[in-house]
Amino acid sequence: MVTNKQRLGVGLAHSKLILIGEHSVVYQKPAIALPFEAVFSEVKVEPSNGAVTLASHFYNGKLAQLPDKLQGLRHVIEKACYINQQPVKDFKLTLTSTIPIGRGLGSSASIAASLARGIFDYFKKELSLSVLRELVDVSETYAHGTPSGIDREAVISDEPVWFIKGQAVESIEVKEPLNIIVADTGRIGDTHAAVSAVNARRQSEPEVTNQLLEDLEKLTENARTLLKTGDLKALGHVLTTSHEKLKALGVSDEGLDRYVDISLSNGAVGAKLTGGGRGGCMIALTASTEQALAVEQALLKAGAKETWYIQLTNGVKTDEKNSTCTHEYRSY
Ligand code: MEV
């Protein structure tokens with residue numbers, strides 16, 4: 001028999017990368033997101049007496065005293081207890097996360113998913129996909145205002161996803177392995193502010209802005225076809241063109257543009273910002289592991305705070321190879 005002392009709930013969720021379609025996805029256009037398992041969040045739930053506490057690298061203390069910007073997490077925890085018909089007391093939460101915050105990697109969605117999974121695991125209740133989605137949305141609405149929902153889907157899916165707001169998520173076919181370097185500029189981006197800025201531009205310059213959003217839609221559709229046919233060179237071109245469109249939308253910055261240029265001049269077939277932009281992370285697509293490592297070295301030399309190398313193929317988990325990368329991850 002499991003005693004109260006031994007009771008433990010655990011919840012895990014990886015982070016995400018947007019391959020293409022960020023920002024335009026807010027306006028019912030498609031986007032492609034990839035699971036990013038190199039960085040993830042984990043929540044442990046254990047019995048404790050009295051008020052619920054949260055221990056993490058960004059907050060230590062009572063749930064009731066969480067600062068305003070973390071209220072979304074409190075709502076996830078309270079709602080998860082409510083659904084389980086349990087009082088919000090007599091347990092403590094320990095959150096560890098290796099996902100850099102505010103870098104467009106879906107940190108807030110991942111943490112919300114881990115919290116939901118951890119609490120349901122603690123109460124030994126099955127967590128359906130629809131309830132998980134609902135709980136992650138509670139936190140995402142606090143973090144981003146009017147999120148498209150792509151971060152939520154990407155952190156709970158183990159496969160690349162084709163996402164259109166309000167529609168069922170589809171999986172994506174990837175014919176050739178994708179060698180991707182992810183680089184963190186080390187600068188925090190504000191997704192909420194970037195999304196609001198695009199919205200404001202849509203009001204002040206509707207024609208130009210709507211054209212950019214439509215261009216991004218077409219590029220995303222092309223990217224899906226090219227993933228299926230395995231034409232990496234053409235896919236790279238599509239990714240770089242989408243970066244130009246995002247730049248024109250006003251969501252890039254000098255640092256991201258510089259990393260894109262450095263990636264391209266060091267052999268990447270394509271490069272772009274990923275996520276909300278204005279800081280945060282960028283991705284570079286290369287045709288081989290060797291090229292990926294060369295691009296990674298160049299980005300580190302240029303000052304990237306952290307880099308990761310991922311290789312995505314359809315269905316097969318590839319073995320690790322030697323790498324000079326700060327992190328290495330292979331998926332499928
Ligand atoms: C953030 O990862 C992606 C954005 O398109 C915002 C959203 O879709 O909610 C910038």
Side-chain angles (χ1 to χ4, degrees), residues 16-34 36 102-106 144-151 154 160 162-165 178 180-224 226-227 234-265 268-285 295 299 304:
K16 66 90 182 82
L17 293 172
I18 295 187
L19 183 69
I20 188 165
E22 51 274 270
H23 286 289
S24 45
V25 72
V26 173
Y27 302 96
Q28 262 79 27
K29 315 280 187 219
I32 299 173
L34 312 172
F36 184 37
R103 310 302 217 291
L105 298 179
H144 300 312
T146 48
S148 66
I150 191 167
D151 286 16
W162 173 262
F163 178 88
I164 301 176
K165 195 174 173 179
L178 300 180
I180 296 175
I181 294 296
V182 184
D184 180 5
T185 61
R187 281 173 291 111
I188 291 186
D190 184 342
T191 299
H192 199 156
V195 169
S196 303
V198 173
N199 194 28
R201 261 196 81 161
R202 255 179 103 232
Q203 315 298 324
S204 61
E205 296 170 66
E207 237 172 80
V208 185
T209 311
N210 286 329
Q211 184 59 55
L212 287 169
L213 296 171
E214 274 169 37
D215 292 347
L216 283 165
E217 176 179 27
K218 286 200 190 83
L219 289 165
T220 305
E221 283 163 356
N222 287 347
R224 185 179 192 170
L226 295 166
L227 283 167
L235 176 63
H237 181 66
V238 162
L239 297 185
T240 308
T241 311
S242 84
H243 180 79
E244 292 305 322
K245 303 289 174 189
L246 290 165
K247 188 173 159 182
L249 267 184
V251 295
S252 187
D253 67 10
E254 264 179 41
L256 286 163
D257 296 344
R258 191 168 142 255
Y259 283 9
V260 166
D261 290 345
I262 289 170
S263 302
L264 297 174
S265 55
V269 293
K272 64 181 280 292
L273 67 84
T274 184
R278 295 184 171 183
C281 288
M282 54 79 62
I283 52 172
L285 177 72
V295 169
L299 289 169

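Owing to the predicted nature of the structure, the values given are computational and were not obtained by experimental measurement.
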- Nearest heavy-atom neighbours spanning Gly255 and Arg187: CA-NH2, 3.3 Å
- From Asp184 CG over to Thr274 OG1, what is the distance, rounded to the nearest 0.5 angstrom? 11.5 Å
- Query: Hey, what do you get for CG (Leu285) to OG (Ser263), rounding to the nearest 0.5 Å?
  - Reply: 10.5 Å
- Taking the side chain as every heavy atom from C-beta outward, state whether Gln203 and Thr209 have any atom pair closer than 4.5 Å. no
- Contact summary for Glu22 and Gly275, nearest pair of heavy atoms: OE1-N, 2.9 Å
- Task: Please determine which of Asp257, Leu256, Leu264 meets the side chain to side chain contact (heavy atoms under 4.5 Å, CB included) test together with Val260.
- Result: Leu264
- Message: Checking the side chain of Arg278 only, and the main-chain atoms of Gly250 only, is there a donor and an acceptor separated by less than 3.5 Å?
- Response: yes
- Query: Any side-chain heavy atom of Ile283 within less than 4.5 Å of one from Ile181?
  - Reply: no
- Query: Any idea which heavy atoms bring Leu235 and Leu227 closest together, and the distance?
  - Reply: CD2-CD2, 3.6 Å
- Please determine if Lys16 and Asp151 form a salt bridge, counting it only when a charged side-chain N lies under 4.0 Å from a carboxylate O. yes
- Query: When you look at Ile32 and Ile18, which way does the side-chain contact (heavy atoms from CB on, under 4.5 Å) test go after all the steps?
  - Reply: CA-CA 6 Å; Ile32 299 173; Ile18 295 187; over 6 Å; no
- Task: Taking the side chain as every heavy atom from C-beta outward, state whether Ile180 and Leu34 have any pair of such atoms under 4.5 Å apart.
- Result: yes
- Go through the steps to decide whether Val198 and Arg201 satisfy the test side-chain contact (heavy atoms from CB on, under 4.5 Å), and finish with yes or no. CA-CA 5 Å; Val198 173; Arg201 261 196 81 161; 5.6 Å; no
- Side-chain donor/acceptor of Lys272 to backbone N/O of Leu19, under 3.5 Å: yes
- Item | Distance, nearest 0.5 Å, that separates CG of Leu273 from OG1 of Thr185 | 10.5 Å
- Gap between atom OG of Ser196 and atom CG of Asp190 - 0.5 Å precision: 8.0 Å
- Measure the CE-CG distance between Met282 and Leu239 for me, rounded to the nearest 0.5 Å. 10.5 Å
- Item | Approximate separation, where rounding is to 0.5 Å, of Asp253 CG and Arg258 CZ | 11.0 Å
- Query: Which heavy atom in Ser148 sits nearest to a heavy atom in Phe163, and how many Å separate them?
  - Reply: O-CZ, 3.1 Å
- Identify the heavy atoms of Thr220 and Gly21 that sit nearest to each other, and give their distance. OG1-CA, 3.7 Å
For residues 211-218, dump all side-chain donor-acceptor pairs below 3.5 Å to protein atoms at least two apart in sequence or in another chain.
residue : atom : partner : partner atom : Å
Gln211  : NE2  : Asp215  : OD1          : 2.9
Asp215  : OD2  : Lys245  : NZ           : 3.2

- Message: Please find the pair of heavy atoms, one from Ala304 and one from Tyr259, that lie closest to each other, and give the distance.
- Response: N-OH, 3.1 Å
- If you count the non-hydrogen atoms of other residues, nucleotides and ligands that lie under 6.0 Å from NZ in Lys247, is the total more than 12? no
